[in-house]
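Just below is one structure, and these are the notes that go with it.
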Amino acid sequence: MPAPPIDEVPRLAVTVPSFSITGEEVKAARERSWYARTEYGLAVLRYAEAAELLKHPGLRQGSAAWPAHNGVTTGPFARWFDSWVLNKEGEEHHRLRRLLRPAFSRRLIMGLAPRFTALADELIDGFSDAGRCEFTADFASPYSARVIALLLGLPEDEWPVIAQESTTLGLAMGVTLKSDLPRIEAALATLYDFADAAIADRQAHPRDDFMTTLVQSCGDGTGDGTGDSLTASELRDAVVLLIFGGYDTTRHQLGLAMATFLKHPGQWDLLARDPALGGKAVEEVMRVNPTTRWVTREALETLDFHGVRIEAGTTVHLFSEAAGTDPRVFTGPAFDIAADRETHIGFGGGVHYCIGHLVARCDMSVALPLLARRLRAPRALAGAQWLPDSGNTGPVALPIAFTPAD
């Protein structure tokens, strides 16, 4: 479909506090055009164009310049952010990904499923008799933090610290990054302490698990960043990223899953009857209600794409919820955990496809069917609090009531 004339292209004010990426304004813009203009650059609103741009060789991962955009160019946070495999390109990216990948094997990750099940049951036991809970505080937050502790060999009883410091570090993803920098860097220092302790433990006491495999990718820690082992610094940076990313995104995605099912009680009942649908439930939730509201890319060169000239350096936001609910591609019921769908873009795509996707898919596909079986007829209570509906989002608080299962 040709692009509309330039004066007819929708404009979306994404930096306005009241802006909602799932609002009617975005849906109306999607009907007018496959893209819109924003203060940051371009927003891609339809599935076909978003899926194509995810793998376009003329685009790179677009978040690398985020600290600089906010006036943060030096210091511990800027250095750590620059270390992310997500923010690397070319051979440097391929090297880091190749060395990290063995730890994310299906055998190691899926082998943790029974422990994830026991953890979910334990947490539900803590509030099930009451017939109500604050879902974020009572389940999503401790579950996500303790999953990370299990994965990385951290002390599970330290989960409140892991959760708190990861939440503080998450402030760096918002527009208040510079003013929050002292708190952010203090949280980063604490998470480095956790990483150092976990690494030292597996160096002294190796075992057949995720963390040992990751540590063994470091070799002797004396590499120069170009060979077949991680440097000691790269390993520390990667572990901190795993703590932060694994906690923050899973906590929010579980909350968004519950909020979605509250609107579709028949689907909750279906999941309770058929726990084998847990995996498809995760995919369907991430299609219609992803915590990562946009996937960021940057044009490496000036391109002509479907009749639109995208100048080199332009930021391109692929709106994952708008793409995932595009009526040109997704027909039938709005939310159906038994349906076969096109692949959502919540985990990104192309060479930057989320390396930890299997962890998220495993822990959520275990938790959701168990929650559905034990929390019957869930319903929302007053008092929900939400992060802004852009960038990364989710519930800060989500009170619910339910009927405990027999």
Problem - Arg293 backbone acceptor or donor facing Ser320 side chain under 3.5 Å - result: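 Flag set: sc Ser320 to bb Arg293 pair under 3.5 Å.
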
Problem - Sidechain-backbone polar pair: Glu134 side chain, Ala137 backbone, donor-acceptor under 3.5 Å - result: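 Yes.
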
Of all pairs that satisfy side chain to side chain donor-acceptor pair (under 3.5 Å), the ones with a partner from [range], not counting sequence neighbours:
range: residues 252-265; answer: Thr260-Asn289
range: residues 357-368; answer: Glu283-Arg361, Tyr353-Arg361, His357-Arg361
range: residues 267-281; answer: Asp269-Arg376, Lys280-Asp340
range: residues 173-183; answer: Thr176-Asp180

What pairs meet the salt bridge (charged side-chain N to carboxylate O under 4.0 Å, His left out) rule with one or both residues in [range], with sequence neighbours excluded?
range: residues 15-29; value: none
range: residues 341-350; value: Glu284-Arg341
range: residues 343-360; value: none
range: residues 143-155; value: Glu122-Arg146, Arg146-Glu156

Exercise for the section: Any ring-ring contact (aromatic ring centres under 6.0 Å, His included) involving residues 82-113? Give me the pairs, sequence neighbours left out, ordered by first then second residue. Expected result: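 Every pair satisfying ring-ring contact (aromatic ring centres under 6.0 Å, His included) with a residue in residues 82-113: Trp80-Trp84, Phe81-Trp84, His93-His352, Phe104-Phe210.
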
Problem - Pairing residues for Ala51 by the side chain to side chain contact (heavy atoms under 4.5 Å, CB included) criterion, not counting sequence neighbours - result: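 Checked Ala51 against side chain to side chain contact (heavy atoms under 4.5 Å, CB included); matches are Tyr47.
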
Handout entry: With Pro395 via side chain to side chain contact (heavy atoms under 4.5 Å, CB included) - residues at least two apart
Key =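 Residues passing side chain to side chain contact (heavy atoms under 4.5 Å, CB included) with Pro395: Thr136, Leu256, Trp386, Leu398.
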
Problem - Thr168 vs Gln164, side chain to side chain donor-acceptor pair (under 3.5 Å): CA-CA, chis, key distance, verdict - result: CA-CA 6 Å; Thr168 301; Gln164 179 58 55; 3.3 Å; yes

Exercise for the section: Report the residue from Leu242, Thr213, Leu230 that forms a side-chain contact (heavy atoms from CB on, under 4.5 Å) with Leu100. Expected result: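 Single side-chain contact (heavy atoms from CB on, under 4.5 Å) partner of Leu100 among Leu242, Thr213, Leu230: Leu230.
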
Exercise for the section: Cation-pi check, Arg287 to Phe330: give yes when NZ or CZ is under 6.0 Å from the six-membered ring centre and within 45° of the ring axis, no otherwise. Expected result: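 Yes, Arg287 and Phe330 form such a contact.
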
Problem - Least distance between heavy atoms, Ile243 atom then Leu154 atom - result: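 Result for this residue pair: CD1-CD1, 4.1 Å.
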
Exercise for the section: Begin from the C-alpha positions of Thr15 and Glu39 and carry the test side chain to side chain donor-acceptor pair (under 3.5 Å) through to its verdict. Expected result: CA-CA 7 Å; Thr15 60; Glu39 302 95 321; 2.7 Å; yes

Practice task
Using the salt bridge (Lys or Arg N to Asp or Glu O under 4.0 Å) rule, take Arg328 and Glu49 through it: C-alpha gap first, then chi angles, then the decisive distance, then the call.
Solution key: CA-CA 12 Å; Arg328 293 155 194 78; Glu49 289 80 3; over 6 Å; no

Exercise for the section: Determine, step by step, whether Tyr143 and Trp159 satisfy the ring-ring contact (aromatic ring centres under 6.0 Å, His included) criterion, reporting the C-alpha distance in whole Å, the side-chain angles of both residues, the deciding distance to 0.1 Å, and the verdict. Expected result: CA-CA 9 Å; Tyr143 182 76; Trp159 78 260; over 10 Å; no

Mind listing the side-chain donor-acceptor pairs of residues 308-317 below 3.5 Å, one per line with the distance, residues two or more places apart or on another chain?
from	atom 1	to	atom 2	distance (Å)
Arg309	NE	Glu311	OE2	2.9
Glu311	OE1	Thr302	OG1	3.4
Thr314	OG1	Glu311	O	2.7
His317	NE2	Trp294	NE1	3.4
His317	NE2	Thr296	OG1	3.4

Problem - Arg60/Glu89 ion pair, N-O < 4.0 Å - result: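 Salt bridge: yes.
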
Exercise for the section: Determine, for Glu185 against Arg79, whether the closest basic-nitrogen to carboxylate-oxygen distance falls under 4.0 angstrom. Expected result: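 Not counted as a salt bridge, because no side-chain N and carboxylate O are separated by less than 4.0 Å.
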
Practice task
Report the C-alpha distance between Thr212 and Asp209 in whole Å, list the side-chain angles of each, state the deciding distance to 0.1 Å, and finish with yes or no for side chain to side chain donor-acceptor pair (under 3.5 Å).
Solution key: CA-CA 6 Å; Thr212 298; Asp209 66 0; 2.8 Å; yes

